[in-house]
Amino acid sequence: MPYHQPGGPTDGKTMCKTIRHSIAITLFCCCINSHSHATDYYVRTDGGTAAQCNGLADAPFPGLGTGQSCAWAHPFWALNAGDPPTWKLQGGDTLIIRSAVAGYELGISAPNTSWCDIGYPWDCVLPALPSGPDAQHPTRILGYGWNQGCVDPPELWGAERPLHLLSLIGTSHAVIACLELTDHSACVESHSNPAVECKRDSYPYGDWAPVGIVASDSTNVRLQNLDIHGLAHTGVHAGRITDWSVQDVRIAGNGWCGWDGDIGNNSSNSDTLTFRRWIVEWNGCAETYPGKQPDHCWDQTHGGYGDGVGTGATRGHWIIEDSVFRYNTSDGLDLLYVRENPSLIELRRTRAYGNAGNPIKIAGPAKIENCLIVGDCGYFSGKPYAQEMSDHCRAGGNSLALSFGQGDDVTVVNSTIVGQGDCLVEAVCDRGNLPCDGSESATFLNNIFRGYKEFLDPQDTACLIWEDPSGISTGHMDYNLIYNAKNSGCPRGTNDLCANPLFVSDNLSSFDGHLQPASLAIDSGLAVGGLTPDHDLENRPRPFGPQVDRGAFEYRSLQPGKPVTSPYLLLLD
């Protein structure tokens, strides 16, 4: 599938609808419908104050009276004003919010903020959501239509620099679904360009907020059908989380980082963290308002950050499937700090491309299958929206960076890995406190490797793999197709092929990893069974012909699969 998609742009709301799978919707609705002995509250713009309406009916304020059975006019009316304020919701209750033309402004200018101080407007935030009593009875904030495809999610937008829009600090057993979280400014907090930097010296500060969701010490939370974009700093700042599920969530155009898992000392997560249909893009860029276009992308050389996803030292079983990491100004997916035990990373049917650093960084043990990893680390060079970028191919721009600890095993199967960085694969022992002792291994089966001229040194070509210490992959590579990679030693395994893979588009600027009919990768891979998956990147059955193909795409025709769309016009350049 080409990653510079033809066709017009779409907004995040349409994107959320487009990528959703019907089975996932059914399971999600069943999950959040299992809600008995709890209270549902409603918000709509034609509702009333907490004195006029009790919030218990999805109905407008009739115009007269108090304590009427009608909706509140704003989420802040769901609070009991005080120092600090508290939710009227109890654990296990639900707040259902209808869409509004102008959205719902969060911050000191919102209604019911008598408890806020204009001298400290950043503290004028919704308090942490109360925990549900158990996993079967979560506390929920839902956009209206959450159970009908989430076609028009309500917008919650921050103004006057509130610390965050939603808090899950100490919250367990909760669901946040069908919302758009953003602000109405193109500024980036502490940006190196004064023309872009958010105002921080005096009130009024403007229509910006730094963070969408903050979370810590939080268990059994589901984020679903969220569009978190255009914040002045970070989309999600979450550490010490346990058993979270993130599904059909887009995190885009946040000025510093998309998902930041480093909350300081002891940021470690635990148990199972599941991410499905997760789009993380354009982080490290300002997002114009109202145009929602990337602008003033900046890198670490200019004082920014730019990872799509990053963490502090952590453990956990990370499952990431059917996801996209693209156009971030540093690394795409950086899980290099999953260094604590027990841990396991499983990455399936995922695309990473257009990132200025490493597309994928993984700490072992790990399983990677059916992934398209394009190390086009010079992507931002010369782009009109990359005004503050010069650190192209950061950390060598290696396409896949692997980190090993003692005894770790990483398997990479049926993936297409190409790039213009230093190497296609980097394998280094630096995970944890136990040094490598030779028991580590990196197993590569059924992959396609294709090297290009290095962006930073066009006289050189990307190498196949750089290992420290050497030998991690020795004896563990077979049935791969290797082309134009320096020091590849091809064939490395008995059944390796050393030939042009014949991609549909071999140009990095319009790369399409589907195979042409004459490709030697077709019907030449290791059969399904063992490590070989029975579906490909587009979740189509393997094999289609007499034998499994090598690489991420099982050959069928020259017609690409259904694209994952982006809301940015500049995706089409």
Side-chain angles (χ1 to χ4, degrees), residues 3-19 99-106 143 150-159 165 178-189 191 193 195-198 206-213 225-236 248-259 277-298 304 306 308 324-329 354-355 379-380 383-389 563-573:
Y3 66 80
H4 291 269
Q5 299 296 343
T10 180
D11 62 19
K13 299 175 183 177
T14 305
M15 181 282 304
C16 288
K17 182 181 178 183
T18 300
I19 66 174
S99 292
V101 173
Y104 296 92
E105 180 180 351
L106 304 186
C150 188
V151 175
D152 186 24
E155 178 193 70
L156 307 183
W157 61 279
L165 303 186
C178 193
L179 297 174
E180 180 181 0
L181 305 177
T182 187
D183 65 21
H184 287 180
S185 171
C187 76
V188 173
E189 190 169 27
H191 197 285
N193 186 333
V196 185
E197 182 181 13
C198 296
D207 292 339
W208 66 274
V211 180
I213 296 176
N225 297 118
L226 301 179
D227 187 13
I228 306 171
H229 66 94
L231 280 307
H233 200 284
T234 298
V236 176
D248 296 309
V249 169
R250 172 178 173 264
I251 302 177
N254 301 293
W256 281 76
C257 180
W259 180 292
R277 297 181 297 282
W278 190 24
I279 294 183
V280 184
E281 59 184 355
W282 298 108
N283 295 289
C285 298
E287 181 184 79
T288 62
Y289 180 81
K292 300 182 182 180
Q293 297 296 304
D295 196 17
H296 286 284
C297 301
W298 62 325
V324 180
F325 304 93
R326 60 187 174 190
Y327 311 133
N328 300 289
T329 64
N355 301 285
Y379 172 80
F380 282 93
K383 297 295 193 298
Y385 44 82
Q387 297 97 318
E388 286 79 31
M389 287 195 66
V564 177
T565 55
S566 171
Y568 291 107
L569 272 170
L570 294 174
L571 178 64
L572 307 178
D573 61 2

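The basis for the numbers below is simple: all heavy atoms, side chains too, and nothing from hydrogens, waters or symmetry mates.
For the side-chain hydrogen bond (donor to acceptor under 3.5 Å, both in side chains) with N254, the qualifying choice from N328, T234, N283 is N283, the only one to do so.
The structure places SG of C285 at 4.5 Å from CZ of F380, a figure rounded to the nearest 0.5 Å. I228 CD1 to L165 CG: the interatomic distance, rounded to the nearest 0.5 Å, is 9.0 Å. Interatomic distance, CD of E287 versus SG of C187, reported as 12.0 Å (0.5 Å rounding). From C178, atom SG reaches atom CG of D152 across 8.0 Å, with rounding to the nearest 0.5 Å. Here CH2 of W208 is found 5.0 Å from SG of C198. Values are rounded to the nearest 0.5 Å. Rounding to the nearest 0.5 Å places CG of L181 at 9.0 Å from CD of E155.
Under the 4.5 Å side-chain criterion, counting only non-hydrogen atoms from C-beta, H229 is not in contact with W282.
A ring-centre distance under 6.0 Å is not found for W157 and Y289.
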Inset, instruction - Output, in order, the C-alpha distance, side-chain angles, deciding distance and verdict of side chain to side chain contact (heavy atoms under 4.5 Å, CB included) for D295 and Q387. - result: CA-CA 8 Å; D295 196 17; Q387 297 97 318; 2.8 Å; yes
Inset, instruction - Report the C-alpha separation of N193 and W298 in whole Å, then their side-chain angles, then the decisive distance to 0.1 Å, and conclude whether the side chain to side chain contact (heavy atoms under 4.5 Å, CB included) test is met. - result: CA-CA 9 Å; N193 186 333; W298 62 325; over 6 Å; no
Legend entry - Step-by-step side chain to side chain contact (heavy atoms under 4.5 Å, CB included) determination, E281 to V324: CA-CA 8 Å; E281 59 184 355; V324 180; 5.9 Å; no
Inset, instruction - Could you please spell out the steps behind the side chain to side chain contact (heavy atoms under 4.5 Å, CB included) verdict for L231 and E189? - result: CA-CA 9 Å; L231 280 307; E189 190 169 27; over 6 Å; no
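Considering all non-hydrogen atoms of both residues, G158 and A209 come closest at CA-CB, 3.8 Å. Residues I251 and W278 come closest through the heavy atom pair CD1-NE1, 3.6 Å. Closest of all the heavy-atom pairs between Y385 and P294 is CB-O, 3.4 Å. Pairing each heavy atom of D207 with each of A159, the nearest pair is OD1-CB, 3.7 Å.
Taking a cutoff of 4.0 Å between a charged side-chain nitrogen and a carboxylate oxygen, K292 and E180 qualify as a salt bridge.
With hydrogens and angles disregarded, a donor-acceptor distance shorter than 3.5 Å links the side chain of H191 to the backbone of H296.
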